[in-house]
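Heads up: the structure comes next, in structure tokens.
In this text the structure is predicted, and so the values were computed from the model without any measurement. Residues take their numbers from the sequence shown, with the count starting at 1. Just follow the structure's listing: the first ligand is 1, and inside any ligand the first atom is 1. No hydrogens, no waters, no symmetry mates; every other heavy atom, side chains included, goes into these values.
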Amino acid sequence: MDVAPIFEPLRFRNLTVKNRIVRSNISGRFDNYDGSGTRTRINWELKFARGGVGAIVSSFVPVQLRGRIVPNYAMIDSDRHIPFWRELGRAVHEHDCRFILQLSHGGRQRDVSGIEFPVGLSSTDRPDPTHGFACERMTVAQIQETVSAFAEGARRAREAGLDGVELHGANGYLITQFLSSAINDRRDEYGGPLQNRARFVLEIVRAIRARAGDDFHLQMKISVQEYNDAVALFGAGPSGNTVEESVQVCRWLAEAGVDAFHVSTGSFFPHPRNPAGRDLPVEELAATYDTMISSGEDAFQNYLLLRRLPALARRQWNAAAPAADAIEGANLPDARRVKTAVAVPVICTGGFQTARVIASAIQRGDCDAVSIARPLIANNDLVEIFRRGQDRADRPCTYCNRCLANVIEHPLGCYEESRFPSRDAMISEVMSVFDPAPFA
Ligand SMILES: Cc1cc2nc3c(=O)[nH]c(=O)nc-3n(C[C@H](O)[C@H](O)[C@H](O)COP(=O)(O)O)c2cc1C
Ligand code: SF4
């Protein structure tokens, strides 16, 4: 097997990365309630930098307090956070790994709203279909304020010495809420035809270029297909943006100065196709979802479903998930469509953990790099495993999504007990993120 394509440098317009494996965004509640970062987050990111990935794209980093999806995520809404991000960037750079910060705003899609803003903002005033979080339809003044917040976030990331920023334009968060034909019901210049729905993100890109410069790496994560109607329990609804529409959005964004695209899927999060898995971990969800009951109108009903009708919940979810053997590379056809339409590099996310699959996707020209989340949680040193000539880790990720089900209440990590010699070994691995401790 020729794994050479994985280890070729990846050249963006303003950034070079040593190989073609990017650690994909993974959020965990590692930080302080006020959005200041912690040593634990640095420990987390270092696991992957040491493991050999070329670049890390951060977790969801809110650009505004009202855009937070859950408390205890490090934020970039104030200059006071710059020193933390500088420290994190420096630590990651010591391992010849680049760090790209994901500029994010949750809009109406949240997990735990927090004390400051129980009601979110969105393109619409309809609550999100998953948990039923209430929201207000943004005024044009609020839109402009949010555009500036994204630009300020990019400026701060640059001042912190980070290597670039990614717009979280995927998976149902605020930028998707504007782009999506299934969500955006506005009648002004930010709603209706595709060009209007894309106005918000295009304004963000122009504002970032004006505030953070033309030579600062800027990429966009986008759900190329939305599958908005995937889960019948959330309402049949329209299916959302088509591949053709998303490809057109990517063309406009590239013209406006976006340097790369990160291809994802799904108009809400989590979605049966992202992170894809065939076996919804209902027991774990029933144990952690209670945290959300008081936050969204539909959360209590979801909780009862998980507890009382787990088989129904599992069936509904699994019916829309790709087959187990189709999870790895499920988004490659979409990545290829974007790649043929734009001249900038394309990164593809979704299930990657086999060297042969990754190398041939790059060789075929489906994408220029892959991003990996869960398989790297499971095997932090996956890149080194590939370098040694092994096609897969001995204990691969099972796509069980227990990491996701636990993260609302517990530290982020792999919770698939079958991958460990014992439960104690699993817990010990999860808790290793607290080492070194902040005051050690
Ligand atoms: C626990 C968890 C947290 C995630 N957090 C984010 C996030 O903050 N931002 C984002 O864009 N994607 C997030 N994702 C999605 C991943 O970045 C990735 O695109 C997706 O899981 C598919 O890749 P995988 O099959 O390699 O996990 C998260 C996924 C998981 C499992
Ligand atoms: S809990 Fe572990 S095995 Fe399961 S999806 Fe997450 S990382 Fe993979």
* **Cationic N near anionic O, under 4.0 Å, R314 to D279** => yes
protein heavy-atom neighbour closest to atom 5 (S) of ligand 2 works out as N401 N, 3.2 Å
Just wondering, is there an N, O or S atom on C397 that's nearer than 2.8 Å to atom 2 (Fe) of ligand 2?
no
Measure from the ring center of Y289 to the ring center of H131 and say whether it is less than 6.0 Å.
-> yes
Ligand 2 to Y399, heavy atom cutoff 4.0 Å, flagged ligand atoms 5 (S)
of all protein heavy atoms, closest to atom 6 (Fe) of ligand 2 is C403 SG, 2.4 Å
Judging by distance only, is a nitrogen or oxygen of S27 under 3.5 angstrom from one on ligand 1? yes
With heavy atoms and a 4.0 Å threshold, my read on which part of Y399 contacts ligand 1 is neither
Within the stated cut-off of 2.8 Å, is an N/O/S atom of C400 closer than that to atom 4 (Fe) of ligand 2? yes
For this session: Return yes when G351 approaches ligand 1 closer than 4.0 angstrom through a heavy atom, no otherwise.
Result: yes
(request) With the side chain counted from C-beta on, respond yes when R20 and P5 share a heavy-atom pair under 4.5 Å apart, and no when they do not. (result) no
One finds that the ligand 2 atoms under 4.0 Å from a non-hydrogen atom of R374 are 5 (S), 7 (S)
- [ ] Establish, for the pair R156 and F84, whether the NZ or CZ atom is under 6.0 angstrom from the six-membered ring centre and no further than 45 degrees off its axis.
- [x] no
So for S104 against ligand 1, with non-hydrogen atoms under 4.0 Å, the contacting part is neither
### Query
Does E203 come within less than 4.0 Å of R206, counting only side-chain N to carboxylate O?
no
| said: Regarding E159 and R86, does a basic nitrogen lie under 4.0 Å from an acidic carboxylate oxygen? | reply: no
Margin query: Taking distance alone, with N or O pairs closer than 3.5 Å, would you say N401 contacts ligand 1?
Written below: no
Any salt bridge linking E45 with R23? Criterion: basic side-chain nitrogen under 4.0 Å from a carboxylate oxygen.
yes
Ligand 2 atoms nearer than 4.0 angstrom to some heavy atom of Y415 are 1 (S)
Are F386 and F7, when compared by the centres of their aromatic rings, separated by less than 6.0 Å? no
Quick note on ligand 2: atoms under 4.0 Å from a heavy atom of R419 include exactly 3 (S)
Contact region, V407 to ligand 1, non-hydrogen atoms below 4.0 Å, reads neither
